Protein chains: 2
Amino acid sequence: MSLAEDRAKDHAKPSTLYKTIRQDIERRILTGEWPPGHRIPFEHEIMEHYGCSRMTVNKALSELAQADLIERRRRAGTFVRRPQFLSAVLKIPDIRAEIGALGRAYGYELISSARRTANAADRERLGVKTPCKVIAIRCRHSADNVPFAVEDRLIDLDAVPDAAKANFKIDPPGSWLLHHVPWTEAEHAISAIVADEAIAASLDIETGAPCLVIERHTWRQGRPLTAVRLVYPGEQHRLVARFRGSE
Amino acid sequence: MSLAEDRAKDHAKPSTLYKTIRQDIERRILTGEWPPGHRIPFEHEIMEHYGCSRMTVNKALSELAQADLIERRRRAGTFVRRPQFLSAVLKIPDIRAEIGALGRAYGYELISSARRTANAADRERLGVKTPCKVIAIRCRHSADNVPFAVEDRLIDLDAVPDAAKANFKIDPPGSWLLHHVPWTEAEHAISAIVADEAIAASLDIETGAPCLVIERHTWRQGRPLTAVRLVYPGEQHRLVARFRGSE
DNA sequence: GCTGAGTTTATGTATAGACATATCGCCCGT
DNA sequence: ACGGGCGATATGTCTATACATAAACTCAGC
């Protein structure tokens with residue numbers, strides 16, 4: 001396809017050359033014109049096609065490579081990647097912010113809070129080997145006075161000493177941590193359970209009703225910071241993840 | 001901090017200069033040395049610090065900006081971004097590949113397949129306004145002969161005409177689509193339900209047992225391609241999402 | 001036919017310089 | 001006080017060039 005034809009297709013043509021190049025290539029990939037495994041033109045050819053320098057082409061291709069749309073191999077060339085799996089960016093915001101964004105009144109209630117030297121179960125759950133001090137918290141979030149989720153959390157006090165000074169009677173621990181403690185790795189596990197009597201009472205639902213469970217572990221530089229288990233009423237709450245191919 | 005000190009810290013120092021710069025800055029952000037809102041040095045200063053050209057610094061900063069770790073504003077400078085929300089890349093692989101990766105025997109069974117002009121419910125579910133033809137499929141996936149998930153899918157035949165030629169008696173529709181149809185947007189919703197009698201029978205679990213439900217919609221350039229609802233036994237199956245700050 | 005060394009080639013990184021562009025602040029005139 | 005204009009400045013894009021590096025290919029020698 002010629003440069004003229006590319007220009008003619010102009011849907012929202014970006015103002016800069018490298019963005020134009022990136023978008024042209026992206027479109028060919030997404031429409032299937034260049035299927036997975038297809039070798040896309042060499043930087044040298046693209047550069048002549050657009051009449052620009054190689055650095056400009058390289059910038060466009062580097063960004064596409066960073067977005068995992070293409071794979072670059074020295075000497076061999078550049079290839080369209082097979083969409084390896086359906087992946088989605090799952091946003092799990094701070095619950096207080098999430099409820100606020102929905103325009104509903106946020107409510108928070110601390111059920112229990114205890115500071116102790118970590119017992120075996122605590123260490124197992126946090127994934128720490130050495131003895132440490134922890135804070136164990138149970139609390140409940142609500143939206144417009146309707147129970148929204150119950151939270152059961154452990155915080156490693158040795159890794160997050162500032163947590164000793166936080167007032168979890170007022171601030172939800174998730175919000176406090178999010179704003180005060182930088183983290184580098186997080187892992188979420190999502191599963192489904194049925195409410196036992198305790199959960200049913202806390203969430204004001206029937207015993208046996210389905211619940212969504214999110215367990216989250218957070219680390220900083222490999223060191224465990226906190227482990228949290230959130231239980232949501234399952235049929236009312238949905239986790240939504242939207243994904244756009246790139247940009 | 002001096003260049004010498006940076007070098008001294010060498011944890012897995014990358015081989016190239018721009019990666020070194022990027023990693024040094026990333027470390028300062030992740031350890032909290034440069035908190036959110038902090039203005040990081042100008043390109044000019046960083047360039048003198050490392051004794052390199054501005055383009056090299058620019059490449060490092062551009063990548064950090066693309067990863068949303070920093071925000072760049074002309075004339076004002078470059079700033080550390082507030083970690084806006086906990087987000088995680090949730091990988092939802094092809095079920096056949098997922099079971100295979102676990103080293104278990106994959107089994108697939110087509111329960112029903114029908115081709116029809118979309119009725120109101122179909123159009124509502126797919127999110128299309130105009131009449132179209134669809135394929136409606138129900139099938140079951142199993143691992144080592146244990147039911148793994150039941151799938152209920154609609155495919156827009158007008159958007160994916162090739163689907164008419166696919167043999168869904170043999171190929172699971174998810175795998176076929178993943179390998180044949182490029183998509184640009186996807187949305188997942190995750191929720192929990194309890195098994196009714198039909199689901200319990202299909203998954204070989206008790207009525208009333210918890211189930212995880214994933215509903216996925218896929219589009220290409222804004223046009224709906226397929227809508228699928230997957231039901232998993234909830235206490236056995238977990239969705240895991242791991243997230244590293246960047247890279 | 002096979003192995004290993006050398007050649008070729010496409011990408012990867014880096015440079016110095018140039019001009020574009022957005023915008024923050026300052027100054028000036030009303 | 002207030003607003004408009006303007007210059008300073010940091011980032012954004014682009015060029016032409018250079019050398020590094022990894023991998024695919026070639027071919028001689030066994």
Side-chain angles (χ1 to χ4, degrees), chain A residues 3 6-7 10 12-26 28-29 34 36-81 246-247, chain B residues 3 6-7 10 12-26 28-29 34 36-81 246-247:
Chain A
L3 176 59
D6 269 335
R7 282 278 145 82
D10 82 336
K13 174 179 10 167
S15 51
T16 65
L17 221 196
Y18 92 88
K19 280 182 184 164
T20 305
I21 298 174
R22 194 189 58 185
Q23 190 168 302
D24 284 348
I25 294 170
E26 195 173 315
R28 282 178 167 80
I29 294 173
W34 286 347
H38 180 263
R39 207 213 78 225
I40 79 174
F42 298 128
E43 293 189 353
H44 186 71
E45 302 174 274
I46 297 175
M47 147 193 168
E48 291 198 345
H49 179 91
Y50 288 91
C52 63
S53 83
R54 189 165 76 88
M55 282 300 293
T56 304
V57 175
N58 189 279
K59 175 155 187 169
L61 294 181
S62 293
E63 288 195 5
L64 289 172
Q66 205 182 331
D68 257 358
L69 257 152
I70 60 176
E71 183 186 347
R72 318 198 71 197
R73 291 207 305 275
R74 280 177 146 112
R75 164 72 216 236
T78 302
F79 303 84
V80 177
R81 271 183 73 101
S246 70
E247 176 139 6
Chain B
L3 176 59
D6 269 338
R7 281 279 144 84
D10 82 336
K13 176 180 8 167
S15 50
T16 64
L17 220 195
Y18 92 89
K19 280 182 183 164
T20 305
I21 298 174
R22 194 188 58 186
Q23 191 168 303
D24 284 347
I25 294 171
E26 194 172 315
R28 283 179 166 79
I29 294 174
W34 286 347
H38 180 263
R39 207 213 77 223
I40 80 174
F42 298 129
E43 293 189 353
H44 186 70
E45 303 174 271
I46 297 175
M47 148 191 167
E48 290 198 345
H49 179 90
Y50 288 89
C52 65
S53 81
R54 190 164 78 90
M55 279 300 293
T56 303
V57 175
N58 189 279
K59 176 156 185 169
L61 294 181
S62 294
E63 287 195 5
L64 288 172
Q66 206 181 330
D68 257 358
L69 258 152
I70 58 175
E71 182 185 350
R72 316 198 71 197
R73 291 207 305 275
R74 281 178 146 111
R75 163 71 216 236
T78 302
F79 302 84
V80 178
R81 272 184 72 101
S246 71
E247 173 146 8

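Because the structure is predicted, anything quoted here is derived from the model rather than measured. By convention in this document, chain letters (A, B, ...) are assigned in the order of the sequence lines, proteins followed by strands, and residues within each chain are numbered from 1.
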Taking every non-hydrogen atom, the tightest pair across B:Leu17 and B:Cys52: CD1-CB, 3.5 Å
Closest non-hydrogen atom pair, B:Ile46 against B:Pro41: CD1-O, 3.6 Å
Determine whether [X] and [Y] make a side-chain contact, defined as any pair of heavy atoms from C-beta on separated by less than 4.5 Å.
| X | Y | answer |
| --- | --- | --- |
| A:Ile25 | A:Leu69 | no |
| B:Asn58 | B:Arg72 | yes |
| B:Thr78 | B:Leu64 | no |
| A:Met47 | A:Thr56 | no |
| A:Ile40 | A:Leu61 | yes |

Helical bend (five base pairs per end, nearest 10°) for the helix from C:dG1-D:dC30 to C:dT30-D:dA1: 10°
For chain A, the stretch of DNA chain D it reaches, first to last nucleotide, under 4.0 Å of its heavy atoms: D:dT13 to D:dC25
Annotated protein contacts, base or backbone, on nucleotides 7-15 of chain C with a non-hydrogen cut-off under 4.0 Å, one of B, S, - each: -BBBBBBBB
ring-ring contact (aromatic ring centres under 6.0 Å, His included) partners of A:His38, counting only residues at least two apart: A:Trp34
Those residues that, when tested against A:Arg75, pass side chain to side chain contact (heavy atoms under 4.5 Å, CB included) (two or more places apart): none
Pairs involving residues 47-59 of chain B, ordered by first then second residue, that meet salt bridge (charged side-chain N to carboxylate O under 4.0 Å, His left out) (sequence neighbours left out): B:Glu43-B:Arg54
